[in-house]
Structures are given as structure tokens and as C-alpha cells.
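Below is one structure, written out as C-alpha cells; the observations come after it.
Values below: every heavy atom of this structure, side chains too, minus hydrogens, waters and symmetry copies. Below, read A as the first sequence line, B as the second, and so on, with proteins coming before strands; counting in each chain starts at 1.
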Protein chains: 2
Amino acid sequence: MKELQSEYQCAINLVIDLIGGKWKVLLLWHLNEGDKRFNELRRTIPEITRKMLTQQLRELEGHGLVKRTVFEEVPPRVVYSTTDFGRKLQPVLYGMCQWGDDYAEEQGIQMNSCWTGQDFMKK
Amino acid sequence: MKELQSEYQCAINLVIDLIGGKWKVLLLWHLNEGDKRFNELRRTIPEITRKMLTQQLRELEGHGLVKRTVFEEVPPRVVYSTTDFGRKLQPVLYGMCQWGDDYAEEQGIQMNSCWTGQDFMKK
DNA sequence: CTGTATCCCCGAGGATACTG
DNA sequence: CAGTATCCTCGGGGATACAG
């Protein structure tokens, strides 16, 4: 598990350590849509391997951005959700998405929009 | 040079391709403080190598987020600045920084604040 | 279903020397 | 000053098999 430093020159460096991983922003984004199970996330992000999914989720959990809830059943059921703090990032992620959409439009890039922004705006 | 895809499932994936590089967010952040020369950036981010700095700047430039201005002098002078579009990301970066600051405070992480947020807020 | 455990490859990126 | 050009290492991350 990647440890955070005890001191940072600038908050942006801390943020990069927290959500700079290859899949973390994507995971947080999808978890902000709603709680998700392990294989549900795999289906949402088909390119991710089990190993990477586990690892990135564990780091997000370790840093307090994601909560992991295990239901003691057979077969096992595990649900991932964002913590209050992870959820605080939502406006930022949303801003990123908007900016990305702007970029795509300006550059004529196609978007198969899994766009959850509207839901967010209603709040 | 890393090419963008012609189509994305979701804007967040595009954003990750645009600024997901190891140093890109950091570079954009520092360039938002003001235009900077090559070695100035190296001093600001001592851990980055010349190679990486060049490469990441070239990608940002290629994607239209950063502008590179060469002054034909001896010795050469090259100034990097954010484009209008790159600048549009500033509120997002600022939001990330605020969130990082919150996190640091909650977790008791030390911050040697190169904090340019205040300047931003005045606008 | 939700993961570990292993093995292994490949390419991001560091170190260093050189250049216009 | 602002980069290229080379070489080489190292670990991120894929593939696969196995486990509770």
C-alpha cells in the first residue's frame, strides 16, 4: 500500500498521491453514481484487471475515500461506496468532466456520454 | 506523442488522457501562477528530469493546453504559458487543492504551502 | 462472487553525455 | 539556456491459476 508522505510542499502534490493512480479518478467517478459491487465495477470498466481493481480500491479505502462493506453471505457480497470525504471531491470531478466535454466539442471528439452530470446538477 | 482516441465512453476518460500524466497537473498548476521558462520549471519541481519535463510539456502543447514561445536570442529563451483552454482548468485545479488542504488538515499532514489559491480568489 | 498468489514482460522514466 | 540522444533499470501491471 502506497503510503502518503508526512509532509507536502503543496496540496496539489498530496492530491496527486491520493487520486493520481491510473484508475482512481475513474473509480471515484463511478462510485459517485452510486454504490457498486466488485464485478459491477469490472463491468463498468472492462479494461481493468481484478488485480488492479482490488489494489486501487484498497488504496482509496486506506486513504479514507472509499468505504468497503462486506455482507457475510454465501456467495459473498461486497459493496463499495464513497466516504463523506470522497464525496467532497464530486464537484471537482464534475468540473473535470465539464471541461472534458468542452474540449471534446471544440476538437470534434466523439462522446458516448455516460454522463451523470445532470443528476449531480439537480442537487 | 500520445495520441488521443477519436472517441471516448465518458469525458472523464478524456480528461485522464489529457492531464493524467505523472506531472501534468503539477505543471499546469505552476503555469497558472504565471509564465515560466524551462529551467524555472525545473527549479520549481526539482524531482522532474529534463527528459520528462520536455516530454510532458510537449504533450500538453500538442493537446493545446500549453503554449510554447521561443525567443530567437542567444542564449535561447523559451517561455511556457497556459492557453485559454488550459486556463479554463484553473478552477478545477483550485478545487483539487482546496480539497487536498482539507484532507491534510483532517489527517494532520504538514503543508509547506506554495499556496497560490488566494491570488486566484481575488479575481 | 470476491478476491490472492505467482510469474513475467515491457515500456515509462532515470542517468548521463552531448548539441545548437 | 534549452533541449536531444542513448542506454538501461525497475517496478507497474497483465495473464493465469488458485482459494475462501
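Taking atom NZ on B/K22 and atom P on D/dC10, their separation rounds to 15 Å, with Å as the unit. Atom OH in A/Y80 sits about 8 Å away from atom P in C/dT2, given to the nearest Å. The CG-P distance, from A/L53 to D/dG12, rounds to 18 Å in whole Å. Here the P atom of nucleotide D/dC1 and the CG atom of B/L41 are 14 Å apart, to the nearest Å. For the pair A/R43 CZ and C/dT2 P, the interatomic distance rounds to 9 Å; values are reported in whole Å. The interatomic distance linking B/K36 (NZ) with D/dG3 (P) rounds to 16 Å, in whole Å. Going from atom CD1 of A/I45 over to atom P of D/dG14 covers 12 Å, rounded to whole Å. B/K51 places its NZ atom 13 Å from the C1' atom of D/dG3, with the value rounded to the nearest Å.
Listed by residue number, the members of residues 58-76 of chain B with any heavy atom below 4.0 angstrom from DNA chain C are B/P76.
For A/Y94 and A/W29, the ring centers are positioned 6.0 Å apart or more.
The backbone N or O of A/T82 sits less than 3.5 Å from a side-chain atom of A/R87, completing a donor-acceptor pair. Using modelled atom types, one side-chain atom of A/E40 and one backbone atom of A/R37 make a donor-acceptor pair closer than 3.5 Å. Distance alone, capped at 3.5 Å, places no donor-acceptor pair between the B/Q107 side chain and the B/I109 backbone. A donor-acceptor distance shorter than 3.5 angstrom exists from the side chain of B/T83 to the backbone of B/G64, with no hydrogens or angles considered.
Within the 4.5 Å cutoff, side-chain heavy atoms of B/V70 are placed close to those of B/R68.
Between B/T54 and A/E47, the residue anchored closer to the 5' end of DNA chain D is B/T54, taking for each the nucleotide with the nearest heavy atom.
Here the nucleotide nearest the side chain of A/F38, chosen from C/dG3, C/dA15, D/dG14, is C/dG3. Candidate nucleotides D/dA17, C/dG13, D/dA2 were compared by shortest atom distance to the side chain of A/R50, and D/dA17 ranks first. In the set D/dG3, C/dG13, C/dT2, C/dG13 carries the atom at the smallest distance from any side-chain atom of B/Q55.
A distance of 11.0 Å separates NZ in A/K36 from OG in A/S81, rounded to the nearest 0.5 Å.
Side-chain N/O atoms of A/R77 include none lying less than 4.0 angstrom from OP1 or OP2 on C/dT2. Phosphate contact (OP1/OP2 of D/dG13, side-chain N/O of A/T49, threshold under 4.0 Å): absent.
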